[in-house]
Amino acid sequence: MLACLVERFVAENDTDSIPDPEKNVDGVLKDLNIEGSIDYGVTAISLGSTDFGGLYSEKPLAVIRTAGADDVVRVIRRALESPTLTVAARGNGHSINGQAMAHHGLVIDMKSMSHNNTINVNVNSMYVDVGGGELWSDVLKHCVSEYALAPKSWTDYLHLTVGGTLSNAGVSGQTFRFGPQTSTVTELEVVTGNGEIIVCSNSQNSQLFFSVLGGLGQFGIITRARLLLQPAPDMVRWIRVVYSEFDEFTHDAELLITSQESFDYVEGFVFVNCDDPINGWLSVPLDSNQAFDPTHLPKKTGPVLYCLEVALHYNNHDDPFMMVQKLLGKLRYLKHFRFEIDLTYMNFLSRVDHVEEAARGSGIWATPHPWLNMFVSKKDINAFNRIVFQNILKKGVNGPILTYPLLRSKWDNRWSVALPKNEMFYLVALLRFTHAHPTESEINQMVAQNEEIVQTCIKNGFDFKMYLPHYNSTVEWKRHFGEQWGRFVNRKRQFDPKYVLAPGQKIFTRNHQF
């Protein structure tokens with residue numbers, strides 16, 4: 001599979017196969033009147049043709065650094081004048097499979113709008129208006145530092161754009177309580193594939209509002225979002241506890257997300273039962289002065305173990321001890337394996353930053369990342385554990401293997417995102433890293449293992465959906481959306497009838513016929 005991708009990469013990077021920029025770019029864009037800028041230099045084209053996944057490369061015609069929504073309108077309207085030109089919105093480049101690319105099309109650098117998209121907090125109404133190109137990390141800093149307020153739902157990694165996560169869902173340990181990030185939005189400003197700026201909400205232009213949330217960029221580009229806020233706590237007690245049995249791990253995780261009185265954050269992960277510093281015991285302690293002592297493990301344990309990760313918010317004048325003891329007292333974890341630290345709310349939400357810093361330092365941030373994200377129904381998670389966690393992945397993935405339960409009732413079925421049918425389902429995220437100089441064969445093996453897992457789910461009839469999905473055929477996309485496919489197609493016909501937007505998702509093409 002990857003060999004084909006590499007062959008395509010070479011073909012697309014062959015300068016003989018690329019249209020003459022003077023003839024094509026200037027011909028299409030030279031009289032495009034925008035406040036921002038048009039860049040088709042080598043650096044810009046390289047930016048627009050790469051992403052965090054590192055598996056795909058599609059060269060755009062140009063990268064457009066728009067100054068605001070009006071510029072986005074002009075770019076889309078110019079694309080509508082062409083029979084083939086497409087437009088992709090690129091946030092901070094953290095797609096995995098080329099979703100934000102546009103082969104010989106136009107890539108809009110959404111981050112370029114951030115200097116014009118000030119973050120406006122309305123304290124009385126407890127919301128913040130944020131530009132679609134703003135990073136969640138900047139939203140956090142501004143809201144907490146200036147107003148001691150914060151959005152309700154987050155992702156684990158915050159250097160992602162607001163528009164990017166809302167186009168998918170945005171999940172983390174708060175999702176069980178508040179829903180994904182899409183559930184905290186009350187209003188959007190969207191530029192549709194028709195080249196129109198439309199403000200939409202639950203009560204105004206609602207069909208567009210629900211289409212765009214989780215819509216994979218297919219119906220419009222989010223240029224502004226209004227997000228609900230709540231008071232930000234001062235501190236967080238961050239805790240990890242360990243399990244040897246999957247059924248006890250899932251019992252406790254499900255108990256916490258369905259109880260009225262619970263932690264403020266609930267996640268979990270699988271780790272290898274060995275001393276590997278990346279995949280094993282050493283990945284569990286939260287501080288350098290904490291140690292994982294395997295001599296306290298039960299005599300009979302499997303190839304993998306499980307960690308429940310929770311957090312409790314509190315303020316400086318509070319003592320979280322009694323509540324922590326009360327909540328942990330209900331759980332069945334291995335009593336010698338409890339790790340905890342206190343840190344500020346901002347530092348807790350920014351906890352992945354040190355991982356990025358270390359990965360950049362070692363060179364593995366810039367290497368390919370064949371990540372796999374999926375939702376697996378509760379009814380199938382035990383079988384998934386036996387087949388996938390304990391067998392296919394028993395040696396780890398050289399990075400985190402996240403898994404924790406979510407509640408379907410916290411998601412709005414009017415959104416475009418596809419979910420398993422059951423009320424409770426598990427996020428499974430394989431966040432693979434390579435070493436600094438991976439071979440093509442090594443990356444091929446990771447991609448093949450991902451495909452093996454997906455095919456295992458299909459073969460066993462598991463109720464599952466891909467999160468941050470990527471498919472190459474209409475048949476696969478139809479299977480992904482299931483009964484929602486007709487609705488998805490109708491929304492595309494209404495809001496992007498010429499199939500201009502988000503070509504990198506490989507759902508529709510400019511000459512698509514139904």
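Along the sequence shown, residues carry numbers from 1.
- Every salt bridge (Lys or Arg N to Asp or Glu O under 4.0 Å) that Lys326 has, sequence neighbours left out, goes to Glu261.
- Although no hydrogens or angles enter the test, the distance criterion places no donor-acceptor pair under 3.5 Å between the side chain of Asn120 and the main chain of Asp129.
- With 3.5 Å as the limit, one finds no donor-acceptor pair spanning the side chains of Glu134 and His142.
- By the neighbour-count criterion of 12 heavy atoms within 6.0 Å, atom CD of Glu357 is sparsely surrounded, having that number or fewer from other residues, nucleotides or ligands.
- With no hydrogens or angles considered, no side-chain donor-acceptor pair links Tyr56 and Asn97 at under 3.5 Å.
- For Glu356, the salt bridge (Lys or Arg N to Asp or Glu O under 4.0 Å) criterion is met by Arg360, not counting sequence neighbours.
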Evaluation steps, side-chain hydrogen bond (donor to acceptor under 3.5 Å, both in side chains), between His435 and Asn398: CA-CA 9 Å; His435 53 79; Asn398 205 44; over 6 Å; no
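- Of all the heavy atoms in Trp477 and Lys506, the pair that sits closest is NE1-O, 3.1 Å.
- Cation-pi geometry between Lys492 and Phe495 is not met: the NZ or CZ atom fails to fall both under 6.0 Å from the ring centre and inside 45° of the normal.
- Of the charged side-chain nitrogens involved, at least one lies within less than 4.0 Å of a carboxylate oxygen, so that Arg224 and Glu187 count as a salt-bridged pair.
- A cation-pi arrangement is absent between Arg240 and Phe339 under the rule of less than 6.0 angstrom and at most 45 degrees off the ring axis.
- At a cut-off of 3.5 Å, with distance as the only test, no side-chain donor of Asp276 or Trp281 sits close to an acceptor on the other residue.
- Residues forming a salt bridge (Lys or Arg N to Asp or Glu O under 4.0 Å) with Arg408 (at least two apart in sequence, or on another chain): none.
- When the shell of 6.0 Å around NZ of Lys421 is examined, it contains 12 or fewer heavy atoms from other residues, nucleotides or ligands.
- Seen from the ring of Phe348, Arg351 counts as a face-on cation partner, given the 6.0 Å and 45° thresholds.
- Of all heavy-atom pairs spanning Asp380 and Gly461, the tightest one is OD2-O, 4.4 Å.
- Residue Arg226 holds its CZ atom at 7.5 Å from CG of Asn122, rounded to the nearest 0.5 Å.
- Between the side chains of Glu267 and Ser172, a donor-acceptor pair is found at a separation under 3.5 Å.
- If you check the side chains of Asn92 and Thr161, you find no donor sitting under 3.5 Å from an acceptor.
- Within a 6.0 Å sphere centred on CD of Glu483, other residues, nucleotides and ligands contribute 12 heavy atoms or fewer.
- Glu476 and Ser473 are linked by a side-chain donor-acceptor pair at a separation below 3.5 angstrom, with hydrogens and angles left out of the test.
- Residues Tyr404 and Phe425 place their aromatic rings such that the two centres sit no closer than 6.0 Å.
- Residue Leu216 comes nearest to Ala502 through the heavy atom pair O-CB, 3.8 Å, listed as atom of the first residue, atom of the second, then distance.
- Residues that satisfy the side-chain contact (heavy atoms from CB on, under 4.5 Å) test with Ser95, not counting sequence neighbours, are Asp51, Gln99, Ala100.
- Of the residues Val241, Thr250, Val270, Asp247, the one that meets the side-chain contact (heavy atoms from CB on, under 4.5 Å) test with Tyr306 is Val270.
- Side-chain contact annotation: Ser153 with Gln174, donor-acceptor N/O pair under 3.5 Å absent.
- Qualifying side-chain hydrogen bond (donor to acceptor under 3.5 Å, both in side chains) partners for Arg90, counting only residues two or more places apart in sequence or in other chains: none.
- Take Arg177 and apply the salt bridge (Lys or Arg N to Asp or Glu O under 4.0 Å) test, not counting sequence neighbours, and it matches Asp264.
- Between the side chains of Tyr426 and Glu254, at least one donor-acceptor pair of N or O atoms lies under 3.5 Å.
- Classification of the Phe384-Phe462 ring pair by plane angle, with boundaries at 30° and 60°, yields tilted.
- Under 3.5 Å, the side chains of Asp252 and Tyr243 contain a donor-acceptor pair of N or O atoms.
- The shortest heavy-atom contact between Ala89 and Met110 is CB-CG, 3.9 Å.
- For Ser183 and Trp411, the side-chain atoms include no donor-acceptor pair closer than 3.5 Å.
- Between the side chains of Gln207 and Arg414, no donor N or O sits under 3.5 Å from an acceptor N or O.
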